[in-house]
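Remarks on the structure that follows.
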Amino acid sequence: MSLSNFARKAVSPIVGESEIKEAGDQHEIDQDGGSLNDTPVEQENPLGYNVDPFTAVYLVVSGVIGTGVFATPGSILNSMGSVGASYVLWVSGFIVALFQVFIYIEYVTYFKKRSGGEVAYLEQAYPRPKFMIPTVFAAVTVVFSYLNSSALAFGQFILNAAQVTPTTWKERGIGTGVLSAVVIGAAISTKWSLKVSNILGFVKVVTLLFISISGLVVLGGHTRVKDSHANFKDAWKGTTTDAQAIANAIIKASFSYGGFQYAFNVVGESKHPMRIYRYFVPGIMFLIFVLYILVVTALYAGGGSIEEIKASNNLATALFFRNTFGNESSVKALDSLVALSALGHLIAAVVSQSRALRECGRQGVLPFPELWVQSKPFGTPIVPLFFLWLVNVIVMIAPPAGDAYNFIVDIGGFSGYVFNLILVIGLLLVRRQRKSKSLGYAGWKTPLPVIIITILFDIFVIAISFVPPNNGSLIGSDVSFFYATYAVVSIGVISICILYYILWSTVLPKIGGYELRYFNYSLTNGELGRTVVKIPNSELADWDDTHNPEDLIHLGEK
């Protein structure tokens with residue numbers, strides 16, 4: 001039995017059996033893994049093919065291992081109240097993340113040539129009403145494409161390593177500089193940006209391995225730490241029953257496992273995506289889970305008392321290094337490694353998000369669609385990268401520190417969960433579309449219970465945003481005003497986008513005496529896109545007789 005067949009048999013009890021169509025079967029309908037509908041599919045990706053198994057693995061590593069595992073263990077322990085309960089959170093967070101990975105992999109089997117991740121998948125899952133979901137998602141994605149948390153974290157930990165007192169504007173200055181450098185690098189060369197990301201991903205794994213091994217040495221009683229088993233005695237003592245605290249801890253644990261989506265945003269830049277995503281991504285997620293458990297165990301063994309770890313907030317790993325090695329040099333080394341971890345996350349995020357914005361432009365619902373799609377002069381998405389830089393610099397510099405900044409970031413996080421819920425439900429709709437076109441599963445089928453659990457989790461996260469704090473106050477934990485303002489505003493922004501769509505697609509055409517039509521186009525480098533045009537009612541019959549939306553107009557030859 002071949003290795004691939006053995007792996008398929010091994011995971012089939014978890015992910016379900018697959019129905020695989022013969023090669024070439026329904027090729028015209030399925031557009032060779034690109035589209036169920038009429039979106040143009042680039043058979044040769046103008047951005048190149050820079051994603052091999054090695055790069056995909058490290059995109060997951062760089063996306064998931066940012067600063068979360070270094071910053072959240074203390075706050076999760078504080079929220080849950082006991083060591084035993086915190087382990088439950090770390091395990092459940094991994095299970096939820098793995099379920100989401102399974103859902104993304106099934107999308108990949110259907111749309112092998114599409115980059116952009118959820119942008120492309122939402123477009124395919126919700127073809128009706130025409131353009132609505134792409135329009136809403138494109139607007140929200142452009143406005144809320146926030147990457148600056150990693151840039152700011154890089155500034156903070158670099159200042160700590162240099163023993164310079166961090167201030168808001170020092171962190172913002174360094175953050176703006178490193179973000180600009182990363183965007184320029186990604187605009188010049190995707191290949192070398194990903195190589196740097198791979199190297200930094202390797203550094204992350206080595207860092208976690210070092211902490212894990214150090215923790216085992218501490219547990220073995222071979223360091224200066226006294227009674228390294230103390231925190232594991234009566235491990236369930238102090239477990240909270242506060243639903244709000246448990247909910248917040250769940251979100252923090254899930255945050256620490258987030259970021260795997262970055263690898264799925266560059267699927268179209270891999271020549272053999274199913275060989276990569278079907279086995280390598282779940283495998284590396286399991287490895288990260290094992291490292292997380294070992295790191296958390298190390299922190300509990302050598303980070304001091306339970307009370308000290310709880311009070312450490314985002315500095316639990318620094319507390320571990322200080323207690324275990326007994327000098328500040330080790331803490332400075334840790335700060336440098338965490339800064340590099342944040343930098344690796346930032347590079348992966350910039351490359352990944354630029355593909356998502358490019359797919360928004362390819363759908364034709366953003367102004368100047370050709371600019372979003374073109375890849376000149378370096379074979380990279382210049383315009384999406386510029387907008388990523390612009391939005392993040394504005395968000396990083398313009399709002400005052402504290403309430404305004406936290407509020408804006410919270411809006412981005414909440415809207416992300418809303419669209420993830422829509423995406424998971426959309427998988428069921430894609431299955432229905434494929435069934436109607438006599439297409440079966442294409443190599444991976446996520447079990448229905450996994451989909452239902454993921455839907456319930458997203459609903460839970462959205463719902464708890466409206467649960468008031470248990471201290472009797474209506475003030476948020478990271479802002480000084482109403483706790484659910486970010487959720488209300490997020491829903492308001494999405495509603496405004498939907499209202500805009502209704503006006504744009506229905507009301508204004510009736511008032512203006514025209515209808516919307518679209519055509520596909522190609523540019524000189526082979527980039528394909530779609531654009532929407534207004535056709536007066538008097539010319540509509542001629543247009544429909546002479547235009548097929550799937551025909552390509554070569555704009556690049558004009």
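Treat the numbers as computed from the prediction; the structure is a model and nothing was measured. Numbering starts at 1 and runs along the sequence shown.
Judged by distance alone, the side chain of Q100 and the main-chain N or O of T454 form no donor-acceptor pair under 3.5 Å. A donor-acceptor pair under 3.5 Å is formed between the side chain of T207 and the backbone N or O of V203. Judged by distance alone, with hydrogens and angles left aside, the side-chain atoms of R355 form no donor-acceptor pair with the main-chain N or O of G116 at under 3.5 Å. For the pair E106 (side chain) and T446 (backbone), a donor-acceptor distance under 3.5 Å is present. Judged by distance alone, the side chain of S336 and the main-chain N or O of A161 form no donor-acceptor pair under 3.5 Å. Between the side chain of S341 and the backbone N or O of I65, at least one donor-acceptor pair lies under 3.5 Å. In this structure, S193 contributes its side chain and G185 its backbone to a donor-acceptor pair below 3.5 Å. Between the Q261 side chain and the G259 main chain, a donor and an acceptor come within less than 3.5 Å of each other.
Using a 4.5 Å heavy-atom threshold, the side chains of L499 and S495 count as separate. Within the 4.5 Å cutoff, no side-chain heavy atoms of F457 are placed close to those of N420. In this structure, the side chains of F154 and L346 stay at 4.5 Å or more apart for every pair of heavy atoms. Using a 4.5 Å cut-off on side-chain heavy atoms (C-beta onward), T109 and Y277 make no contact. In this structure, V60 and F280 have side chains that are not in contact, with every pair of non-hydrogen atoms separated by 4.5 Å or more. Residues V532 and W504 meet the side-chain proximity criterion, which asks for heavy atoms closer than 4.5 Å. In this structure the side chain of R172 reaches within 4.5 angstrom of the side chain of L152, judged on heavy atoms. Between W372 and F387, the closest side-chain pair of non-hydrogen atoms falls below 4.5 Å.
Under the side-chain hydrogen bond (donor to acceptor under 3.5 Å, both in side chains) rule, H345 has a single partner from S150, S62, S197, which is S150.
F264 and Y104 have tilted rings, their planes meeting at an angle from 30° to 60° on a 0 to 90° scale. In this pair, Y58 and F54 present their aromatic rings perpendicular. The plane angle is above 60°, beyond the 30 to 60° band.
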- I494 and V418: side-chain contact (heavy atoms from CB on, under 4.5 Å), yes or no, with the steps? CA-CA 10 Å; I494 294 174; V418 171; 4.0 Å; yes
- Message: Determine whether V430 and F111 satisfy the following criterion, side-chain contact (heavy atoms from CB on, under 4.5 Å), listing intermediate values before the conclusion.
- Response: CA-CA 11 Å; V430 167; F111 312 115; 4.1 Å; yes
- Before giving the answer on side-chain contact (heavy atoms from CB on, under 4.5 Å), spell out for L427 and F102 the whole-Å C-alpha distance, their side-chain angles and the decisive distance to 0.1 Å. CA-CA 11 Å; L427 181 59; F102 290 163; over 6 Å; no
- Item | Y521 vs V373, side-chain contact (heavy atoms from CB on, under 4.5 Å): CA-CA, chis, key distance, verdict | CA-CA 10 Å; Y521 61 85; V373 173; 3.5 Å; yes
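Atoms CD1 and OH, on I422 and Y126 in that order, are 6.0 Å from each other to the nearest 0.5 Å. With rounding to the nearest 0.5 Å, the separation of CD1 in I459 from CG in L421 is 5.5 Å. To the nearest 0.5 Å, atom CZ of residue R362 and atom OG1 of residue T531 are 13.0 Å apart. A distance of 10.5 Å separates CG of L98 from CD1 of I103, quoted to the nearest 0.5 Å. A distance of 11.0 Å separates CG of L343 from CG of L179, quoted to the nearest 0.5 Å. Rounding to the nearest 0.5 Å places OH of Y500 at 14.5 Å from CE of M132.
Scanning both residues, L388 and V350, for their nearest heavy atoms gives CD1-O, 3.6 Å. Heavy atoms only, all atoms of each residue included: E527 and K376 are closest at OE2-N, 4.3 Å. Contact record, N265 with E118: OD1-N, 4.4 Å, taken as the closest heavy-atom pair. Summarising the geometry of M285 relative to F94, their closest heavy-atom pair is O-CE1, 3.5 Å, with the distance given to 0.1 Å. Here the shortest heavy-atom pairing between S115 and E269 reads OG-N, 3.8 Å. For the pair Y262 and G63, the tightest heavy-atom approach, listed with the atom from each and the gap, is CD1-CA, 3.4 Å.
A centroid separation of less than 6.0 Å is found between the aromatic rings of Y292 and Y257.
Within a 6.0 Å sphere centred on CH2 of W543, heavy atoms belonging to other residues, nucleotides or ligands number more than 12. Annotation: F202, atom CZ; neighbour count of heavy atoms from other residues, nucleotides and ligands within 6.0 Å does not exceed 12. In the displayed structure, F466 atom CZ is contacted under 6.0 Å by more than 12 heavy atoms of other residues, nucleotides or ligands.
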